[in-house]
Amino acid sequence: MTIIRVDGAQVAELGVSLTEVGADFLLMQDPSLERMVLGPGECGPAVEELLGGWRRQRIALGRALGSLGEAAVSAGTVYVDTEAGVKSLFGGAQS
């Protein structure tokens, strides 16, 4: 028989961390501003395409991490509340 132990508080803490990392991705400076150091030339459009792709992926990742973080915070909080309610039903001390 498999036993799975879940610590709701740790799940909620993980959610906070994921939300913070997602926010950091969204706040990163746009790398296309650094294209200026290359000056005019043939590689400019290729670098711009690369940087544009990185920007799109970074924003998508930031949003996904934010959503995942919010879900983990919600799930962890509900788990902690549910566990406390079950404890009280069986006469255990609420923490």
Side-chain angles (χ1 to χ4, degrees):
M1 172 186 233
T2 302
I3 296 174
I4 298 174
R5 296 184 190 269
V6 176
D7 185 331
Q10 286 183 341
V11 171
E13 288 175 25
L14 173 63
V16 170
S17 294
L18 290 172
T19 302
E20 290 172 355
V21 170
D24 288 345
F25 270 107
L26 293 173
L27 292 175
M28 289 175 72
Q29 182 176 345
D30 186 356
S32 65
L33 299 175
E34 297 180 16
R35 179 178 181 255
M36 294 181 290
V37 298
L38 296 175
E42 295 178 17
C43 66
V47 170
E48 189 64 39
E49 183 179 337
L50 173 70
L51 295 177
W54 160 242
R55 181 177 184 277
R56 284 189 300 277
Q57 293 301 317
R58 176 181 53 80
I59 289 170
L61 179 59
R63 288 179 179 158
L65 286 172
S67 296
L68 183 60
E70 290 172 10
V73 168
S74 178
T77 302
V78 169
Y79 192 89
V80 168
D81 291 346
T82 302
E83 192 174 53
V86 169
K87 273 186 182 178
S88 71
L89 286 174
F90 290 100
Q94 289 190 5
S95 48

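One-based numbering along the sequence shown.
With contacts defined as side-chain heavy-atom distances shorter than 4.5 Å, the pair Tyr79/Val11 does not qualify.
Nearest heavy atoms, Trp54 versus Met28: CZ2-CE, 3.9 Å. Nearest heavy-atom pair across Ala12 and Val73 is O-CG2, 3.5 Å.
Following chains of ILVMFWY side-chain contacts shorter than 4.5 Å, one can reach Leu61 starting from Leu68, so the two form part of one hydrophobic cluster. Grouping the Ile, Leu, Val, Met, Phe, Trp and Tyr side chains by contacts below 4.5 angstrom, directly or via other members, places Val21 with Leu18.
Atom CZ in Phe25 sits 6.5 Å away from atom CG in Leu65 (nearest 0.5 Å). A distance of 9.0 Å separates CG in Leu27 from CZ in Arg58, rounded to the nearest 0.5 Å.
Side chain of Thr19 to main chain of Gly15: a donor-acceptor pair is present (N/O by atom type, distance under 3.5 Å, no hydrogens or angles).
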